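These numbers come from a predicted model, not from an experiment. Atoms considered below: every heavy atom in the structure, side chains included; atoms not considered: hydrogens, waters and symmetry mates.
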Amino acid sequence: MVDVAPMDLVLLEDGEGNSVSISVLGEYPKSHDESELPPMLRALIVLETPFVGGREELPLWNSRLEEWARALDRLEAGEDAGWMTMGSGLSLFIRLTGERDCPEVVLEEVNRSMVTVRVPIALPDGWIADHRQRLRTLMDAWNPDGLAPRRTD
């Protein structure tokens, strides 16, 4: 097991008090029953606005991190993108031009609460490059398959 230092993988925030973050907390501890599961990271997604807030733990594994890299590619190409959209649980969408003519993050939790939250966030220049670097830092530190680190750019 590799010791991964806590870090913010996703940090989307503005000066208005709106933010969505995904913090990696470390490697996901597995019980004996879960020994066949792929290596995973334990993460926490936090939504904060002056009006509403929420948090949810979620596991991350290599294919989810690769999906985040592809989402960043789409965003850099000027397209909206979704992450963790296949399957059950939490989904994250980034729309470059939302309902209020600025970027928005949409979080949907379809399993338990069936709640959707839209958060307008005025993202700073360079935010995609910053998030590519965050992902690269994480993938360089956490390599559960013993392979060369995957490209994230």
*Pairing residues for Val115 by the side chain to side chain contact (heavy atoms under 4.5 Å, CB included) criterion, not counting sequence neighbours*: Ser113, Val117

*Residues that Thr97 engages under side chain to side chain donor-acceptor pair (under 3.5 Å), provided they are two or more places apart*: none

*Could you note down all residue pairs passing ring-ring contact (aromatic ring centres under 6.0 Å, His included) where residues 93-115 supplies at least one of them, sequence neighbours left out?*
none

*Heavy atoms, side chains only, cut-off 4.5 Å: are Leu65 and Leu135 in contact?*
yes

*Nearest 0.5 Å, what's the CZ-CG distance between Arg55 and Leu47?*
10.0 Å

*Take Val20 and Glu13 through the side chain to side chain contact (heavy atoms under 4.5 Å, CB included) test and state the conclusion after the steps.*
CA-CA 6 Å; Val20 175; Glu13 62 183 349; over 6 Å; no

*Among all residues two or more places apart in sequence or in another chain, which pass the side chain to side chain donor-acceptor pair (under 3.5 Å) test with Glu16?*
none

*Would you say Glu76 and Leu72 make side-chain contact, with heavy atoms under 4.5 Å?*
no

*How far apart are the closest heavy atoms of Leu96 and Asp80, and which atoms are they?*
N-OD1, 2.8 Å

*Distance-minimising heavy-atom pair for Ile121 and Leu12*: CD1-O, 3.6 Å

*For residues Glu27 and Pro39, report the shortest heavy-atom separation together with the two atoms involved.*
OE2-CB, 4.1 Å

*Determine whether the side chains of Ser23 and Asp8 contain a donor N or O and an acceptor N or O closer than 3.5 Å.*
yes

*Check the pair Glu108 / Met114 against side chain to side chain contact (heavy atoms under 4.5 Å, CB included), numbers first and verdict last.*
CA-CA 7 Å; Glu108 293 182 347; Met114 297 175 41; over 6 Å; no

_Could you report the tightest heavy-atom contact between Ala43 and Leu60, atom names first, then the distance?_
CB-CD1, 3.8 Å

*Are Arg64 and Met40 side-chain neighbours, meaning at least one heavy-atom pair lies under 4.5 Å?*
no

*Just jot down the salt bridge (Lys or Arg N to Asp or Glu O under 4.0 Å) partners of Glu57, sequence neighbours excluded, or say none.*
Arg42

*When you check the side-chain N and O atoms of Thr137 and Gln133, is any donor under 3.5 Å from an acceptor?*
yes

_Go through it in stages, so that I can follow the logic: the residues are Thr116 and Leu107, the test is side chain to side chain contact (heavy atoms under 4.5 Å, CB included), and I'd like the CA-CA distance, side-chain angles, deciding distance and then a yes or no._
CA-CA 6 Å; Thr116 300; Leu107 295 170; over 6 Å; no

*asked:* Can you list everything that forms a side chain to side chain contact (heavy atoms under 4.5 Å, CB included) with Pro120? Sequence neighbours excluded, please.
replied: Asn18, Arg100, Cys102

_Where Thr85 and Ser91 come nearest, the two heavy atoms and their spacing_ = CA-OG, 3.6 Å

*What's the shortest heavy-atom distance between Leu58 and Leu90, and which atoms?*
CD2-CD2, 4.5 Å

*Partners passing side chain to side chain donor-acceptor pair (under 3.5 Å) against Asp130 (at least two apart in sequence or in another chain)*: Arg134

_ring-ring contact (aromatic ring centres under 6.0 Å, His included) partners of residues 95-138, not counting sequence neighbours, each pair once_ = Trp127-His131

*Checking Glu67 side chain against Met84 main chain: does a donor-acceptor pair fall under 3.5 Å?*
yes

_Separation between CG of Leu123 and CD1 of Ile94, rounded to the nearest 0.5 Å_ = 7.0 Å

*Side-chain heavy atoms under 4.5 angstrom apart, residues restricted to Ile, Leu, Val, Met, Phe, Trp, Tyr: same cluster for Met7 and Leu11?*
no

*Just jot down the salt bridge (Lys or Arg N to Asp or Glu O under 4.0 Å) partners of Arg112, sequence neighbours excluded, or say none.*
Glu56

*Name all pairs fulfilling the ring-ring contact (aromatic ring centres under 6.0 Å, His included) condition that reach into residues 36-69, sequence neighbours left out, sorted by first residue then second.*
Trp68-Trp83

*Could you pull out all residues at least two apart from Arg74 that satisfy side chain to side chain contact (heavy atoms under 4.5 Å, CB included)?*
Arg70, Ala71, Glu79, Ala81

*Could you grab the distance from atom CD1 of Ile45 to atom OG of Ser21, nearest 0.5 Å is fine?*
7.5 Å

_Can you tell me how far apart CD1 (Ile22) and CG (Leu41) are? Round to the nearest 0.5 Å._
12.0 Å

*Sequence-distant partners of Arg118, side chain to side chain contact (heavy atoms under 4.5 Å, CB included), two or more places apart*: Arg95, Glu99, Glu104, Val106

